[in-house]
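See below for the structure under consideration.
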Amino acid sequence: MKKTSRPWVVGLAWAMSPVVAVWAQSTPSLDTVVITAQPASPIAGAASESLSGDALVLRRGATLAETLAGVPGVAQSWFGPNANRPALRGQDGDRVKTLSNAGASLDAASLSADHAVPVDPLVADRIEVLRGPNALRYGSNSIGGVINSSDQRIPHEVAEGFSGRAEMRLGGATQERAGVAVLEQGSEHWALHVDAMRRVTDDLQVPRFNPPPGTASTDRVVNAASNSQGGSVGGSWLGEHHWLGLSVDQWESRYGTVVEPDVTIHMQRTSSALAGEWREVFPVVDKIRARLDESHYQHEEIAGANVGTVFHNAGHAGRIEVEHRPLFAGAEGVLGVQWESSAFSALGSEAFVPSTQSKQQALFMVERLPTAGGLWSAGLRVEQAQIASDGDQGLTVGRFGSASERRFELLSASLERTDKLWSGWQSRLELAHSERAPTHAELFANGVHVATAMFERGDSQLPKEQGGHVSAALEQRSRDASIKLGLWHSAFANYLVLGATGRSVLLVNANGLSYSLPESAFSAVSAQLSGVELSGHRRVRFGGLALDTEARAEGLRGLNLSDGQPLPRLAPWHGNVATVLSASVWSARLELDWAARQTQVPQDDTATPGHGLLHVGFTRRFETSSAGTGLFFLRLNNLGNVLAWNAASVPAVRSLAPLPGRSLAVGMRVSL
C-alpha cells in the first residue's frame with residue numbers, strides 16, 4: 001500500500017487545541033441528558049451516546065458503522081462500502097450486540113466480515129450506543145457495547161392527525177441515489193405507520209491506486225455497487241395506561257463482495273414484531289414491557305449466474321421487563337427475562353460451517369440507587385446458551401464430523417459509580433465481568449472462508465470467553481462547552497481469536513486444479529485491551545452568529561499475552577476536529593478526520609499508513625408550510641483526494657478497498 005504524504009501529526013495537534021480551550025473556559029454545568037435503548041426509561045447507563053434529529057440526518061451513511069463513525073469509541077470494519085460493520089472499543093462481530101427497537105436482529109452478520117447488518121440507517125429516528133450496566137439487559141455478548149436503531153414502526157405515543165417525512169440523498173463516492181418516505185396517522189386510541197426506502201449505488205470512487213497482485217492502477221473499487229430496498233407497516237392501540245402494537249417489515253439488498261469481482265450477495269430478511277407496555281400496573285410496579293420478534297433471513301452468494309452458497313437463519317426472540325418504583329433505600333430499576341432461538345444453515349460449495357441450532361435464555365436485572373453525592377448503578381445477567389451442530393448430516397461429502405452440542409452457563413455483572421464533583425464536573429467509574437459463549441463458527445468451522453482468504457478451523461472444545469473490565473471518565477457539560485476524558489482497560493483469561501497456524505491447506509478447485517490457502521484456527525488466549533477517549537466542544541457567540549469547535553481523539557492497544565503479538569485489526573490513534581459557523585437557518589462546517597500510522601499488528605499483517613481527510617459541509621433550514629420544515633445539506637468529502645486505508649479491515653480486503661476519494665453529496669429532508 002502506498003504511504004500517504006499527509007502528516008497526521010498536524011491533525012492531532014489541531015484536535016487537541018480546542019479541548020484545552022474548553023478546559024480553560026468552561027462555564028457552570030447543566031444537567032446531563034441521559035440516553036437509553038427504551039423510550040423515557042429512568043435507568044440509563046451514563047456511558048451512552050446517541051444520534052438523532054439533524055445530527056443523525058447529516059451523519060447518516062449507507063451503514064450503521066459509517067453513520068456512527070464520529071461517536072467516541074466507534075470504528076469501521078470497512079469490508080467495502082456495503083458490508084461495513086461498527087467496531088466498539090476494538091470489538092466487532094459477535095461481541096457487539098445490534099438491536100432494532102431493542103429487539104434482536106437475528107441475522108448472519110457476525111458470521112463473516114462480508115455479511116452486512118440488515119439495518120438501513122435511512123429509516124432510523126435515533127441510533128444509540130450503550131455501555132455499562134444497562135447493556136446487560138440485551139446480551140452477555142455485548143462486551144464492546146450495544147447498538148440500538150430506533151424508529152416508529154410500532155408507534156408507542158399518541159400522535160393525532162397526519163404526519164410524515166421524506167428524505168433524498170444523491171452523490172458521494174458511490175454515486176448514491178437514495179430516498180425514504182415515512183407516513184403516520186393517528187387518533188386518540190390508535191396509530192398507524194408506513195415507510196418505504198430505496199438505495200442504489202455504483203462502484204466506489206477512490207484515489208488512483210494499484211490493487212494487488214500486479215494489476216493495473218485504477219480509481220475505483222471493483223464490485224462495490226449495491227441495490228437495496230425495504231419497507232414496513234405497523235400499528236398500535238393506545239390507551240391511558242397501555243399500548244399494544246404490531247409491525248411487519250422486509251429488507252432486501254444485492255451488493256458486491258469486493259474480494260471476489262464476480263460474486264454478488266443477495267440478502268433478504270422478513271421480520272415481524274409484537275410489542276406492548278402497561279403503566280402503573282401495581283403500587284410498586286411502574287411499567288411492564290414485552291416484545292416478541294420473529295425473523296426469516298436468507299443470503300445467497302451468486303457467482304456469475306450460479307448460486308454458490310445459501311445461508312438461512314430463522315428464529316424468534318422475546319423479552320419481558322418489569323420496571324419497579326423506588327424500593328429499598330430508594331433503589332429503582334428493571335428485572336427481566338429474555339430468550340432467543342434460531343436455526344442456521346449454510347448449503348453450498350463455500351459453506352465453512354455446519355447447520356446449527358442455537359438457544360439462549362437469560363434473567364437480568366439493572367438497579368440504580370441515588371445517593372447524596374452521586375449515583376450507584378448495577379447490572380447482573382445470568383444466561384444459558386446451547387449450540388448444537390448437525391455435523392455431516394445431509395451432506396454428500398463429510399467435513400464437520402458427527403452431530404454434537406455444547407452448553408454454557410454465563411454470568412456477567414457490572415457496577416458503576418457516578419459522582420458530582422466541583423464546578424459542574426462529574427466522574428464515572430465502572431467495574432465489570434463478562435462471559436460470552438463461542439459462536440457456531442468458532443466451535444465448528446472447517447473450510448475455505450473466501451472473505452478472509454483462509455482455511456478456517458473451529459474448536460468444538462473451546463471454553464467460554466471470560467474477561468474483567470474497568471473504565472473511568474471525567475467530564476463537564478454546560479450550555480456552551482463540554483469536555484470528556486475516558487480511560488478503559490479489559491483483561492481476558494479466555495479471549496477467542498482467529499490466528500494463523502503457519503500451515504497451508506492443499507485444495508482442489510472445481511476445474512480440478514490444486515491450490516493452497518493459509519490455515520487459521522480459533523483458540524482461547526490470554527489478552528488485554530486498553531484505550532483512551534478524549535472529546536471536547538466549545539461554542540462562542542457573535543450576535544446572531546455562533547462558532548462551534550468540536551474535537552475528538554482516541555486510541556487503543558490490544559495484546560495477545562499468549563504469544564506476545566498485537567491483537568489483529570485494531571484501529572490506530574484517530575480522531576476528528578471540526579469548526580462550524582451557524583446562523584438562524586444555515587451553517588457551514590470544516591472538518592478534518594485523521595488517523596495515525598498503525599504499526600501495532602500481528603506478524604502475519606502489515607502496517608497501515610496514517611492519513612488526514614478534509615471535509616466541507618453546508619446546511620440550510622427552511623419552512624415548507626405552516627407546520628412543515630425542511631433541511632437541505634451539501635457535503636464535499638476528502639477535499640484533497642487523499643489515498644487512505646482502514647487498519648481495522650480484514651487484510652484480504654484492505655489493499656483492495658481504500659477509503660472513499662473526493663466526492664460531492666447533496667440531500668434534503670422534509671417533515672410534515
Requested in this report: Kindly say whether the aromatic ring centers of Tyr297 and His115 come within a distance under 6.0 Å.
Outcome: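 No: the rings miss the under 6.0 Å criterion.
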Query raised in the report: Would the His266 and His299 ring centres measure less than 6.0 Å apart?
Result: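 Between His299 and His266, which both carry aromatic rings, the centre distance is not below 6.0 Å.
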Taking the side chain as everything from C-beta on, heavy atoms only, tell me whether [X] gets closer than 4.5 Å to [Y].
X      : Y      : answer
Glu383 : Phe364 : no
Thr98  : Leu64  : yes
Gln360 : Ser358 : yes
Gln357 : Phe344 : no

When rounded to the nearest 0.5 angstrom, what is the spacing between [atom1] in [X] and [atom2] in [Y]?
X      : Y      : atom1 : atom2 : answer
Thr356 : His440 : OG1   : NE2   : 4.5 Å
Arg137 : Ser142 : CZ    : OG    : 12.0 Å
Leu529 : Leu559 : CG    : CG    : 9.0 Å
Arg59  : Thr67  : CZ    : OG1   : 10.0 Å
Glu128 : Asn134 : CD    : CG    : 10.0 Å
His312 : Gln268 : NE2   : CD    : 10.0 Å

Checking side-chain polar atoms at under 3.5 Å, does [X] have a donor or acceptor matched by the opposite partner on [Y]?
X      : Y      : value
Ser355 : Ser345 : no
Ser232 : Asp195 : yes
Asn223 : Asp203 : no
Glu294 : His316 : no
Thr501 : Glu519 : yes
Gln384 : Gln386 : yes
Asp249 : Ser271 : yes
Asn494 : Glu465 : no
Glu300 : Gln298 : yes

Query raised in the report: Can any side-chain N or O of Arg406 pair as donor or acceptor with the backbone N or O of Ser460 at less than 3.5 Å?
Result: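 Yes.
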Requested in this report: Give a yes or no on whether the backbone of Ile127 and the side-chain of Asn148 come within a donor-acceptor separation of less than 3.5 Å.
Outcome: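 Pair absent, no side-chain N/O of Asn148 close to backbone of Ile127.
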Query raised in the report: What do the steps show when you test Ser226 against Thr201 for side chain to side chain donor-acceptor pair (under 3.5 Å), and what is the final call?
Result: CA-CA 5 Å; Ser226 70; Thr201 66; 2.6 Å; yes
**Report entry** Check ion pair Asp293-Arg319 (N to O, under 4.0 angstrom)
**Finding:**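 No, no charged N to carboxylate O under 4.0 Å.
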Query raised in the report: Does Lys97 come within less than 4.0 Å of Glu340, counting only side-chain N to carboxylate O?
Result: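 Salt bridge: yes.
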Requested in this report: Test Val96 against every option in Leu88, Asn141, Ile143 by the side-chain contact (heavy atoms from CB on, under 4.5 Å) rule and name the one that passes.
Outcome: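 Single side-chain contact (heavy atoms from CB on, under 4.5 Å) partner of Val96 among Leu88, Asn141, Ile143: Leu88.
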Query - Flag if over 12 foreign heavy atoms under 6.0 Å of CD, Glu405 - result: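 Yes, enclosed.
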Report task. Please determine which of Arg569, Arg85, Gln76 meets the side-chain hydrogen bond (donor to acceptor under 3.5 Å, both in side chains) test together with Asp92. Result ->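 Exactly one pass, corresponding to Arg569.
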Query raised in the report: Can you tell which of Arg198, Arg199, Arg60, Arg169 makes a salt bridge (charged side-chain N to carboxylate O under 4.0 Å, His left out) with Asp120?
Result: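 The salt bridge (charged side-chain N to carboxylate O under 4.0 Å, His left out) with Asp120 is passed solely by Arg199 among Arg198, Arg199, Arg60, Arg169.
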Report task. May I ask you to establish whether Arg95 and Tyr495 are in a cation-pi arrangement, using a distance under 6.0 Å from NZ or CZ to the six-membered ring centre and at most 45° from the ring axis? Result ->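 Yes, a cation-pi geometry holds between Arg95 and Tyr495.
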